[in-house]
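Lettering of chains follows the sequences in order, A, B, ..., and the numbering in each one begins at 1.
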There are 2 protein chains.
Amino acid sequence: MKIHRKLARESARDFALRVLKENIISLELKPGTVISENELATELGISRTPIREAIIELSKAYLIEIYPQRGSFISLIDPKMVDEARFLRRITDTAVIEAACDEIDEKGIALLEDNVSLQEFYLSKGMTEKIFDLDNQFHKDIYEIAKKDIIYEIHSTLMIHFDRVRNLSVETVKDFKVVGDHRNMLEALKAGDKKTAAELVNKHLNRYQIDEKEIRNQRPEYFKS
Amino acid sequence: MKIHRKLARESARDFALRVLKENIISLELKPGTVISENELATELGISRTPIREAIIELSKAYLIEIYPQRGSFISLIDPKMVDEARFLRRITDTAVIEAACDEIDEKGIALLEDNVSLQEFYLSKGMTEKIFDLDNQFHKDIYEIAKKDIIYEIHSTLMIHFDRVRNLSVETVKDFKVVGDHRNMLEALKAGDKKTAAELVNKHLNRYQIDEKEIRNQRPEYFKS
DNA sequence: ACTTGTACACTTGTATACAAGTGTATCTGT
DNA sequence: ACAGATACACTTGTATACAAGTGTACAAGT
């Protein structure tokens, strides 16, 4: 497991949570991996308590399974879980971008404009690895513009189910299309065009329609049923 | 605070969680009430650890606010939070009942039929206090029929924001309309009529459009801003 | 060979001890 | 009387000790 440095004012619990999330998303912690509170505590240089609190939180998002007195492990990829996450993301993103069309102002436009410009820059320079974070930030910004930031926060951990499957099917060839989507969404937001914005969100999410069968063939041991 | 008995195979953490949730929903624990891990531990007859784990979970759903080294309290009613919860419930319930129209089978119909019949029975006998749980179960069943039970689970704690405001504006006169809504939804589900089902969900949720101004006048100390 | 029991090395769950920070009440000096 | 220092009684955060359950390895007896 990759362990980053504990930040300055970061509590031990938040540290553990951050490290675990990052490693689950990046598949450094593979689905099915057995984890132990004691081991993690030693590895991160903190006690069991904050580790345990982080593990409990992730188990509530179905990212870790805890079997009392027996052990815990990183949840296997559960197609039903991934489906529900995708379903939820689709309906929420759609409704939120429509709300954002009503709520957006100059400041919001500037925020998104900066983000998309940067994405276009990195794309033109071929630095596509920089786009991942900007992509996430773009969507988070839209939630904040629509005044739905708590919904974003609540859903964010759940979307890790989605993210780690995406990371199993890396097709960076799609990057330029994704950036184009963002540009188009921004234009629709500027114009207050809900219908187009909603359509774009749907088209955008369709790009992440991963080929479950292929991934499952490659990594059957990562899957649940 | 009302403390129920700890169930047989219930862990101390789940016990604490259940008691806290129930008391927050029922407003036995009023918005703004200061709580202390030590006090709760004594009161529930368990140690700080499981109490603390429950409090952390509720703080993640914004139902409790924790100020390190200073104290914790039951979150005040935050209109923005209530709005987001209602927004989320509306879009999710709508999408889920549409999905249920496609997925429902004989077994699902029987499940809902039993529930609604019971609601109608209690309503005719004037035992409207029994309807609350059946109402919740009805919606949960629809999520399960649509194979979206994890979404229900994830959202359930968040909807407490909604529930406790509902409990501040008790207008039981609406009960019979609610039961009628359920009957109509069931018929739409049987017919696989997505459009009608979605409209019914919206109409149904509009009944819970609480008069925030009035509640705020009555109980200004419960509100945030 | 096989079954059965048993010790042991793990696991998570819970309780408790200690660390560190905050706010208040009180005491002290001016 | 008032200002400031200080002790103290809280709070949550973290570490650690102990409880209880599980599975495995292994030895003893049949």
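A 4.5 Å side-chain heavy-atom check between A:Val116 and A:Leu134 finds every atom pair outside the cut-off. Residues B:Arg216 and B:Pro79 meet the side-chain proximity criterion, which asks for heavy atoms closer than 4.5 Å.
Taking the charged nitrogens against the carboxylate oxygens, A:Asp14 and A:Lys21 have no contact shorter than 4.0 Å, which rules out a salt bridge. Contact check on A:Lys2 versus A:Glu22 returns no salt bridge, with no Lys/Arg side-chain nitrogen under 4.0 Å from an Asp/Glu carboxylate oxygen.
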Inset, instruction - Classify every nucleotide of nucleotides 12-19 of chain C by which part a protein heavy atom approaches to under 4.0 Å, writing B for the base, S for the sugar-phosphate alone and - for neither, in 5'-to-3' order. - result: BBBBBB--

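Annotation: B:His155 is not in aromatic contact with B:His139 [ring centroid separation under 6.0 Å not met].
D:dT30 is paired with C:dA1 under the Watson-Crick or G-U wobble criterion, all donor-acceptor distances under 3.5 Å.
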